2 protein chains.
Amino acid sequence: MISTRTKIIAAAVRCLRNNQSDTLEKIAEEAGVSRRTLHRYFENREDLIESCKNEMLVSCNKAMTTAYASDKDPIKKIRNMLFAAIEQGANYSFVKRIYERSNFSDLDRKKEFESDNVKSKWLKTINELQKAKRLNTELTTPWIFNLFGSIIETAIYAVESGDVAKNDNKNFAWISFKGAIGLKE
Amino acid sequence: MISTRTKIIAAAVRCLRNNQSDTLEKIAEEAGVSRRTLHRYFENREDLIESCKNEMLVSCNKAMTTAYASDKDPIKKIRNMLFAAIEQGANYSFVKRIYERSNFSDLDRKKEFESDNVKSKWLKTINELQKAKRLNTELTTPWIFNLFGSIIETAIYAVESGDVAKNDNKNFAWISFKGAIGLKE
DNA sequence: GAAATTTGTCTCAATAATGTGACATTTTCT
DNA sequence: AGAAAATGTCACATTATTGAGACAAATTTC
């Protein structure tokens, strides 16, 4: 049975990633709960957003850490991390948006993300491949990192908007990412 | 000399693409103008956003139409359209976000974008390349279209966040886009 | 099925954002 | 310089959103 708290957080994530200014009323409605109940679980909007951020970071990190550990081959590690992130859907989008915005204003949050060990695992693997000349040497790591994130978002969005069939989704993303960084399998 | 109206619209575009819920106060400040003046030019928030949307659509379409016409070679057409969009910076991001959100809620706006002749020119060119088997046949056109947009955003964002040098920007985007769709030059 | 817990409804106060009028000040144009 | 236009300042009404109390209704737990 899903707890009310979880329902509210999930609803908030779905709402807020599209429209940061959605009212608590709307979030409560999306969660199938009265606004009064939402207020019982979260002191205010900031508290709610903070909770979403924390839960979603945990959720995404967990999924990607598992994916990282699922295979020995560095290429498969990266591929499975990509797939895991896509499967996170709205959760991933939410985290990404929070992180993006923080980049220009909230340095603490950026640091928090930078020091995140999922990112360092990802970087380690990419560097490994770079050193082995298995990907395009013209591109820098920060570019590849940004690209990775945006291809994930594209895949999530493409399914939601109905542009791409759910089956093709991850496949397209992987083909494109491989090509984009010139990965030699 | 830049007109007040233009200053306000530019400021609104910069603010709103990051944070849809920025106050008119903040937008006025960003434009270096009092809130009272902003209200003299725009009846209300909706009017302002509508104006931004229209102006930015015109700006982006113009830049990309020029780029399209700048060369006969289909590949160079696409490349120059990519570059033009990246150069639009905040303007392009703003339009893209408006369009994205509309996808789920505002069908009129979607139609408006769909019927846009810049998009049809782009599609025509991509189809041409697809028929000539000059790009990966596994991918669908809608996927490629989404990818095109998100690589542009990645390039814009990468420079703003300081992750990628301004010189490398367009180059990286083009290398990655080519690779992502398996384009054979 | 009774008690305890959770949630909903209704209400109201506090706050923040918005929109506008009146008038002063500044800028622009000639 | 002086008129005309644009902008700023301040004040105020309106509105939307938020947050919480009081109690009823529903749900869970034992």
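Quantities reported herein were computed from a predicted structural model and do not represent experimental measurements. Reminder, nothing fancy here: chain letters follow the sequence lines and each chain counts from 1.
- Residue-level contact check: A/R35 touches the bases, meaning some heavy atom is under 4.0 Å from a base atom.
- Judged by the 6.0 Å and 45° rule, A/K53 forms no cation-pi pair with A/F94.
- Looking at heavy-atom distances under 4.0 Å, A/Y41 makes contact with sugar-phosphate atoms alone, never a base.
- Across the protein-nucleic acid pair, A/I27 atom CD1 and D/dT17 atom C1' stand 12 Å apart, rounded to whole Å.
- Between the C1' atom of C/dG19 and the CD atom of B/E46 lies a distance of 15 Å, rounded to the nearest Å.
- Counting heavy-atom neighbours within 6.0 Å of A/E29 CD, excluding the residue itself, gives a total of 12 or less.
- Using a 4.0 Å cut-off between a side-chain N of Lys or Arg and a carboxylate O of Asp or Glu, A/E160 and A/K166 do not qualify as a salt bridge.
- The residue A/S34 sits close to a base: some heavy atom pair falls under 4.0 Å.
- Phosphate contact (OP1/OP2 of C/dA17, side-chain N/O of B/T23, threshold under 4.0 Å): absent.
- Nucleotide C/dT27 holds its C1' atom 12 Å from the NZ atom of B/K7, rounded to whole Å.
- Computed from coordinates, the A/R36 CZ to D/dC23 C1' distance equals 12 Å when rounded to whole Å.
- A salt bridge is absent between B/E30 and B/K7: the closest approach of a Lys/Arg side-chain nitrogen to an acidic carboxylate oxygen does not fall below 4.0 angstrom.
- Atom CG in B/L24 sits about 14 Å away from atom C1' in D/dA16, given to the nearest Å.
- Counting non-hydrogen atoms under 4.0 angstrom, B/R40 reaches a base of the nucleic acid.
- Checking C/dG19, C/dT18, C/dT7 against every side-chain atom of B/N44, the shortest atom distance belongs to C/dG19.
- Of the candidate nucleotides D/dT18, C/dT20, D/dT7, D/dT18 has the atom nearest to the side chain of A/R45.
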